[in-house]
Amino acid sequence: MSTIENTDATEAKPEGLQEFTLRLRRYDPESGQAPYFEEFQIELEPHRSVLDGILQAKAKEDGSIGVRCSCRAAICGSCGTRINDKPGLACHTHLDEALKRSKDGKITIEPLGNMPVIKDLIVDMDAVHWKKQARVTPWLLPKEPLPEREHIVPRESMVDVTQSMACIQCGACVSDCLSMEIDPLFVGPAALAKAYRFVGDPRDSRHAERLSNLAEDPHGIYACTHCFKCIEACPKGVAPMSQIMRLRRIASQDHHINDRNNGERHEMAIVNSVKKYGTLNEAKMVPDSYGGPLAPAAAKELVASLPVITKALLRRKVTPKTALFHHKNPDQAQIKRIYQEVQGREQRLELNLYITQPDEDPAELAAHEAHVAEAAAHDAAEQAERAATNQTEAGA
Amino acid sequence: MKVAYWPGCVSRGFTPELHGSMAKVAPLLDIELVELNRANCCGAGVIAEHSQELADTLNARTFALAQKEIEQGADLMMNICSTCQGAQGECQERLDASAEYRAEVNKHLTPEGLEYAKGLVNKNFLWVLVEELGLDELAKRVKRPLTDLKVGPFYGCYIVRPTDRLGIDDENPRDTYLEQVIETLGGTVVDYSGAQKCCGFPISLMQKETSMRMAGQNLGEAKDQGADCLVTPCPLCHLNLDMQQPVVSKTIGRDLQMPVLHLPQMVGLALGMDPKELGLGKHVVKPTSVIDWTTSVVGSVGALSAA
Ligand code: SF4
Ligand code: SF4
Ligand code: FES
């Protein structure tokens, strides 16, 4: 593309630079002042990061802006922030992309949620994130006596935990966890992903204890509301919610932990309803999840929900017929057979797309290769540029 | 348009007014529903949590049945439940990603001569409205614009996250469709923080208090922002937000009285249908008694359809 012609009237800017407005949430709890937003104009190439933008504002306009960062390359996890209402890494978000997502042409930058603010964009990770990490015993508890040399484990079993090992402890998932928003005691996505890292590790000897501990905890694995916020937030593809679902699966299926939170019973109530009817039978969900119609807990819950049930009956929303006689799928035998086949397997058949890449589509592959080449060229240019600035800075 | 229609379980169980209103609204939109009444529950994410292969197989079975209808002339598969959309989409992502895995899953279906082939198009009614029917077409059919009705959108987690799996991008900003539909029908969108949050249903039997508080926070926020009602494409959200609302109100100590409409009900209202006919009287928080339909919904027949 030719850039010889530049008809822009306000053409004072060096080539490639663009102006951006950052709207920063400022807050200093020690000042006694309420939080407020402050705008900063910065000028950078659009592909530079939001973090670069913040650092420019800090260097040129206001040295008191509180921001945490180190690697500037999406490795260290220290620059977690909320950009236009979405949590992520400031160093891993391009300015132009952030602008595209903004509603009013300004890039709004706030500290991570669910954690107390220390200053501006810096949150107290110790008070929440690290405390929760410590909660799940985040180290290996191997069988004694230790082998004389290394542990020998099947390769697949270690590949399986790589996804949870990819976590860089940035706290982006914690920021937007909807269960934690309501229940601050919830162990949370990052810590539970870490728990899976050890439950999935064949060298660890305390799987059962780890699992029953997290299944029985009212703020443990069964307190996750399955909202996908953590999957969406994570810059490293850890998919904490998926790890929580695996913890549940292993707790109920392999260790038969019948927890006091109804987690296992609720899972089995749905699984069995579909086996029997092909569809969900909501009328049986409550008693079955609370331990069967005759269990004391079920009776208590049914009495507690009586007003709701009566109202539903009154409004003819639920008729006694739908409540008592659930419709059966005409092909129920097929569904039963599928259950028998799958449940009869010795080993679970699972496909994890984090590990197994999708099949290659020739057209997509070509597009991908072109994209990789382009990105590499871009990175090289950026590196050269960085080296150049470093040199000038060193020279200055 | 003809669709292989999966109504889901809840719409035929505890929220019969959803299935009922969909069936009544469809002809007014020229959508022919071919019901997949031999298909099975999507598992609501819980069967996948129990066994991935089981969930993938059950959904592959539903997809294969839908594909049979598509061979017979249906344009695509349609669902009316955010949770079905998300849970089925998750299984489809795995099935489409690997021919080897798909073949393994298909083995369970061969005895009945069923087979899932990669690439099914399965869209929630919300997506069908915007992407297949089109908002202009929808606007043309409005007989009674929802003038002065302030509506808070409530999507349900499964239909907005994760964005890549759901195909939400610049071209298809599916996480803005509810707002677009509300506006097309002449209503006013209420901007509140709960629109894409969780209703709390998935933990209603495990952590009841947290679940009720979640619902309460969203309903309360909507009320604070002046909403007359919410609208949702998800019957499970409807259970927590409407059916459980008396318990929610009690838990958070606030009388909420916030009606929650199913998406086809809202569309039906704007198309001129009678609130009762759409099953609005069946809700626990009766929209018919909370909203003054004579002032909120101006009965100016043909106001937009003339345009
Ligand atoms: S899916 Fe569970 S852990 Fe993840 S953000 Fe939602 S509630 Fe939190
Ligand atoms: S799981 Fe992902 S989002 Fe959460 S702390 Fe780890 S890297 Fe950050
Ligand atoms: S500064 Fe290290 S991850 Fe952003």
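Within every chain, numbering begins at 1; the chains are lettered A, B, ... in the order of the sequence lines, protein sequences first and strands thereafter.
Summarising the geometry of Asn329(A) relative to Gly278(A), their closest heavy-atom pair is CB-CA, 4.3 Å, with the distance given to 0.1 Å. Of all non-hydrogen atoms in Gly220(A) and Phe186(A), the two that sit nearest each other are O-CE1, 3.2 Å. Residues Leu58(B) and Cys41(B) come closest through the heavy atom pair CB-O, 4.5 Å. Nearest approach of Ile203(B) to Met214(B), heavy atoms of both residues: CD1-CE, 4.2 Å. Closest approach of Thr93(A) to Ala98(A), counting heavy atoms only: CG2-CB, 4.2 Å.
In terms of heavy-atom pairs under 4.5 angstrom with chain B, the leader among Met245(A), Glu341(A), Arg260(A) is Glu341(A). When each of Asn352(A), Ile270(A), Asp183(A), Val271(A) is checked for heavy-atom pairs under 4.5 Å with chain B, Val271(A) comes out on top. Contact count against chain A (heavy-atom pairs under 4.5 Å) is highest for Lys197(B) among Gln196(B), Glu93(B), Lys197(B). Put simply, of Cys157(B), Ala97(B), Gly8(B), the one with the most heavy-atom pairs under 4.5 Å next to chain A is Ala97(B). Between chain B and the residues Ile231(A), Thr356(A), Ile335(A), the most heavy-atom pairs under 4.5 angstrom are made by Ile335(A). For the set Gln217(B), Glu112(B), Arg213(B), Glu100(B), the count of heavy-atom pairs under 4.5 angstrom toward chain A peaks at Glu112(B).
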* To do: List the steps, then state whether side-chain hydrogen bond (donor to acceptor under 3.5 Å, both in side chains) holds for Tyr196(A) with Gln163(A).
  => CA-CA 10 Å; Tyr196(A) 181 71; Gln163(A) 189 174 15; over 6 Å; no
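Interface residue Gln253(A): only side-chain heavy atoms are found under 4.5 Å from chain B. Using a 4.5 Å cut-off between heavy atoms, Met268(A) touches chain B through its side chain atoms alone. Interface residue Val10(B): backbone and side-chain heavy atoms are both found under 4.5 Å from chain A. Both the backbone and the side chain of Lys229(A) have a heavy atom closer than 4.5 Å to some heavy atom of chain B. Interface remark: Glu267(A) contributes backbone and side-chain atoms alike to the contact with chain B (heavy atom separation under 4.5 Å). With a 4.5 Å cut-off on non-hydrogen atoms, Ser242(A) does not touch chain B at all. At a 4.5 Å heavy-atom cutoff, the contact between Ala48(B) and chain A is made by backbone atoms alone. When heavy atoms are compared at a cutoff of 4.5 Å, Arg246(A) does not approach chain B at all. In this structure, chain B has a heavy atom under 4.5 Å from the side chain of Arg345(A), while its backbone stays farther away. In this structure, chain B has a heavy atom under 4.5 Å from the side chain of Leu353(A), while its backbone stays farther away. Heavy atoms closer than 4.5 Å to chain B are found in both the backbone and the side chain of Leu178(A). Using a 4.5 Å cut-off between heavy atoms, Glu181(A) touches chain B through its side chain atoms alone.
The pair Lys100(A)-Asp170(B) meets the salt-bridge criterion, with a side-chain N (NZ, NE, NH1 or NH2) lying under 4.0 Å from an Asp/Glu carboxylate O. Between Arg249(A) and Glu49(B) there is no salt bridge, since no side-chain nitrogen of the basic residue lies less than 4.0 Å from a carboxylate oxygen of the acidic one.
When the options Met212(B), Arg254(B), Met258(B), Met243(B) are evaluated for a side chain to side chain contact (heavy atoms under 4.5 Å, CB included) with Val248(B), the one that passes is Met212(B).
For His226(A) and Tyr158(B), the ring centers sit closer than 6.0 Å to each other.
Counting heavy atoms from C-beta outward, Leu109(B) and Glu115(B) have side chains that stay 4.5 Å or more apart.
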